[in-house]
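Notes follow once the structure below has been shown.
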Amino acid sequence: MGKGCITATKYFLFLFNLLFFIFGALIMGFGLWILLDSQSFIAVLQDSSIELKVGSYIVITVGAFTMLMGFLGCLGAIYEIRCLLGLYFTLLLLLLIAQVTAAILIFLQRDVLRTTASKIVTKLVENYQGQNKSAEQAWDYVQRSMHCCGWTGPSDWQKNPVITNSSQTLYPCSCHNTSVVGENNTDGNFCMGPSSSFSDWPTYDTGCAHSVESWLFTNYGVILGICLGVAVIELLAMILSMGLCKSVHQEEYTKVPKY
């Protein structure tokens with residue numbers, strides 16, 4: 001390989017790893033958002049699902065590791081350290097295999113994830129007490145922002161003991177249809193309905209299942225798009241790193257940066 005090609009390969013590899021570093025930061029930021037967000041459907045699931053918390057830590061770790069890989073790749077490319085380039089190629093290969101495996105598992109388990117989400121929300125609605133717990137606040141936010149009520153519909157709230165055992169006709173205030181007048185707060189999170197039939201509640205008629213699935217699909221699209229971009233950069237970086245590693249002369253094997 002000519003000297004000009006080696007120089008071009010070196011700087012292209014540096015550029016790819018800079019992008020690699022940025023994508024790693026985005027992945028780590030996504031994991032932090034899953035872990036720290038308190039006003040979305042993720043917060044509802046996180047309060048009841050230890051798997052989601054573990055998953056967020058895994059995403060954060062992958063993002064941090066990706067950033068480290070980008071840094072090592074930049075260092076190896078600039079200083080043409082042969083052993084570092086070889087290590088970088090090996091770790092990139094392992095990381096790419098792990099990403100493909102995780103994507104396949106998520107795709108195969110999508111129905112299980114949907115069922116788990118349904119069970120978590122149904123249990124939350126049935127046990128909702130209006131005590132301002134983080135999951136309850138998050139679910140109130142979901143119903144208000146997405147203009148929906150319950151998981152499949154307002155009838156899901158008929159299993160809630162606060163509503164069924166009350167002498168008054170109550171319904172969750174977060175389900176109140178803003179186009180209908182007459183909302184009366186009775187117990188903070190519950191409002192007084194006009195009649196005993198839930199079909200007459202001034203609430204949204206649709207359940208949150210469709211809206212939540214659309215929201216999750218949108219966010220899955222964002223993270224999968226980032227992962228796809230990272231995978232493409234990984235493949236290009238692997239090709240360039242191997243080419244640069246082979247072009248480095250044997251006498252430069254122990255080259256180290258001088259300060």
Side-chain angles (χ1 to χ4, degrees), residues 9-38 40-43 45-46 49-110 112-113 116 216-248 253-257 259:
T9 300
K10 180 170 65 175
Y11 286 105
F12 269 114
L13 184 58
F14 177 84
L15 177 61
F16 282 133
N17 280 285
L18 181 61
L19 295 175
F20 200 37
F21 183 88
I22 294 174
F23 276 121
L26 291 174
I27 292 175
M28 187 171 67
F30 183 80
L32 290 172
W33 171 70
I34 294 176
L35 186 65
L36 301 177
D37 183 47
S38 60
S40 71
F41 183 66
I42 290 293
L45 299 181
Q46 190 177 117
S49 176
I50 188 65
E51 291 84 359
L52 184 61
K53 291 183 179 179
V54 173
S56 64
Y57 285 117
I58 293 176
V59 171
I60 292 172
T61 302
V62 169
F65 182 73
T66 303
M67 293 176 66
L68 177 61
M69 289 293 299
F71 174 76
L72 293 177
C74 290
L75 188 64
I78 291 297
Y79 293 109
E80 301 179 20
I81 306 174
R82 198 173 190 184
C83 60
L84 185 57
L85 289 171
L87 176 63
Y88 171 73
F89 176 86
T90 302
L91 293 179
L92 262 184
L93 180 61
L94 294 175
L95 182 60
L96 184 61
I97 293 174
Q99 289 174 345
V100 172
T101 302
I104 293 175
L105 289 176
I106 292 175
F107 179 78
L108 294 177
Q109 296 296 318
R110 63 189 185 282
V112 176
L113 294 175
T116 300
L216 288 175
F217 178 79
T218 300
N219 285 276
Y220 281 151
V222 172
I223 189 63
L224 288 177
I226 293 174
C227 290
L228 180 61
V230 170
V232 172
I233 294 176
E234 284 173 352
L235 289 173
L236 293 174
M238 288 170 63
I239 295 172
L240 292 175
S241 63
M242 183 54 62
L244 184 60
C245 184
K246 289 182 177 181
S247 67
V248 174
Y253 180 80
T254 58
K255 180 190 291 186
V256 294
Y259 300 96

Nearest atoms (heavy-atom pairs only) where F71 meets F21: N-CD1, 4.4 Å
Looking only at heavy atoms, what is the nearest atom pair of M28 and A64, with distance? SD-CB, 4.0 Å
Which one of T90, L91, I97 satisfies the side chain to side chain contact (heavy atoms under 4.5 Å, CB included) criterion with L93? I97
